[in-house]
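Below is one structure, written out as structure tokens, with a few remarks after it.
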There are 2 protein chains.
Amino acid sequence: MATAKKDLFTKKENRIAELAKAMGHPARVAILLYLIKKNSCVCGDIVGELPLSQSTVSQHLKELKRVGILQGEIEGTKTCYCIDPKVWKEMEVLFGGLIQKYKSDCC
Amino acid sequence: MATAKKDLFTKKENRIAELAKAMGHPARVAILLYLIKKNSCVCGDIVGELPLSQSTVSQHLKELKRVGILQGEIEGTKTCYCIDPKVWKEMEVLFGGLIQKYKSDCC
DNA sequence: TTTGTTTATCGCAAAAATACGATTAATAAC
DNA sequence: GTTATTAATCGTATTTTTGCGATAAACAAA
């Protein structure tokens, strides 16, 4: 079988890239900031906060959910999204670790 | 004039997304890890480290340079890339700030 | 049961990212 | 000078992402 693209890099490299990419769109950053600010899992009125259509926002939420950053819980007709503390911690470790690893003494 | 896409979100949201997106590819993560490990600005032998062609690696380096994470300095026929400490610090502030801002008490 | 609300998904179009080989440009080595 | 080395860029093909309207699905309200 052909080599999967993922196999060209380490698990860690792939995971960092996957999480970074999920944060690599201003709408998704805005969603995260909104969820953090609200300090609780707010429902789909996220749509009302963003200058994008409902279906587009739904896609962004889906992507954040896919990589694990968000959890979505259905409550009646509404869906309640919130940050997954476990994955958030993972990001802290991965990004923090990466950033701390570099001590400037270049060039 | 039409609204630029950038204007739909705040400067901060756009900048976080831009930096995150630059890290949103395993090859670029690998480049950064390699530069950190070598602890000095190593030249284009980055190409030898990656399972990608020279032109593709060059493009990834260009992207990292575009957002400011890397600096490139020409030395003879070689080019020496290194992390820009200033932008690295900016990432620490932006990502660290974002991640620290969330205190789990959701759902 | 009918109607309204909310969210996910489908289908599609447009734009952007990824990857590579070939070529160019710049310099070093001879 | 000529030749070799290194890296950037060009052209192009493929894939992925982004975005939206329309529709569907699930539930609540009437």
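Because only heavy atoms are used, hydrogens play no part in the values below, and waters and symmetry mates are left out as well, while side chains stay in. Chain naming here is simple, since letters A, B, ... match the order of the sequence lines and numbering starts at 1 in each.
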For this session: To the nearest Å, give me how far apart CG (B/Leu52) and P (C/dC20) are.
Result: 5 Å

Problem set entry | Nucleotide C/dA19, atom C1' - distance to CG of B/Leu50 in whole Å | 13 Å

Exercise. Among the nucleotides D/dG19, C/dA8, D/dT9, which one has an atom lying closest to any side-chain atom of A/Gln59?
Worked result: D/dG19

For this session: State, to 0.1 Å, how close B/Ala30 and B/Leu50 come at their nearest heavy-atom pair, and which atoms those are.
Result: CB-CD2, 3.8 Å

For this session: Identify whether any heavy atom of A/Thr79 sits under 4.0 Å from a base atom; if not, whether one sits that close to sugar-phosphate; answer base, sugar-phosphate or nothing.
Result: sugar-phosphate

Problem set entry | Whole angstrom value for the distance that separates C1' of C/dA22 from CD of B/Gln54 | 11 Å

For this session: Using the six-membered ring wherever Trp is involved, compare the ring planes of B/Tyr102 and A/Trp88 and label them parallel, tilted or perpendicular (cut-offs 30° and 60°).
Result: perpendicular

Problem set entry | pair A/Leu35-A/Ile46: side-chain heavy atoms closer than 4.5 Å | yes

For this session: Starting at atom NZ of A/Lys62, determine the distance to atom P of D/dT17, rounded to an integer number of angstrom.
Result: 12 Å

Exercise. Is there a side-chain polar atom (N or O) of B/Ser58 under 4.0 Å from OP1 or OP2 of D/dT9?
Worked result: no

Exercise. Rounded to the nearest Å, what distance is computed from the CD atom of residue B/Glu75 to the P atom of nucleotide D/dA8?
Worked result: 13 Å

Problem set entry | Flag side-chain contact, heavy atom, 4.5 Å: A/Phe95 against A/Leu19 | yes

Exercise. After noting the C-alpha distance and the side-chain angles of B/Glu92 and A/Gln100, does the key distance pass the side chain to side chain contact (heavy atoms under 4.5 Å, CB included) rule?
Worked result: CA-CA 8 Å; B/Glu92 188 181 333; A/Gln100 295 308 317; 3.7 Å; yes

For this session: Take A/Arg66 and A/Glu63, measure what salt bridge (Lys or Arg N to Asp or Glu O under 4.0 Å) needs, and give me the verdict at the end.
Result: CA-CA 5 Å; A/Arg66 190 186 66 78; A/Glu63 178 59 18; 3.1 Å; yes

Exercise. How many Å lie between NE2 on A/His60 and P on C/dA8, as a whole number?
Worked result: 14 Å

For this session: Taking only the side-chain nitrogens and oxygens of B/Tyr81, find out if one of them lies under 4.0 Å from OP1 or OP2 of D/dT6.
Result: no

For this session: Would you mind classifying the nucleic acid contact of B/Ile74 as base, sugar-phosphate or nothing, using non-hydrogen atoms under 4.0 angstrom?
Result: nothing

Exercise. Out of C/dT6, C/dA19, D/dC20, which has the shortest distance to the side chain of A/Lys78?
Worked result: C/dT6

Problem set entry | A/Ser55 vs B/Ala27, nearer the 5' end of DNA chain C by closest nucleotide | A/Ser55

Problem set entry | Most 5' of A/Gly76 and A/Glu63 on DNA chain D, judged by nearest nucleotide | A/Glu63

Problem set entry | Members of residues 18-26 of chain B that approach DNA chain C, where some heavy atom sits under 4.0 Å away | B/Lys21, B/His25

Problem set entry | Nearest-Å distance for atom pair CZ/C1', residues A/Arg28 and D/dT17 | 8 Å

Problem set entry | Derivation and outcome, side chain to side chain donor-acceptor pair (under 3.5 Å), residues A/Ser55 and A/Ser58 | CA-CA 5 Å; A/Ser55 63; A/Ser58 189; over 6 Å; no

For this session: Send over the distance from A/Leu64 CG to D/dT18 P, rounded to a whole Å.
Result: 10 Å

For this session: Would you tell me if any nitrogen or oxygen in the side chain of A/Thr77 comes within less than 4.0 Å of OP1 or OP2 on D/dA28?
Result: no

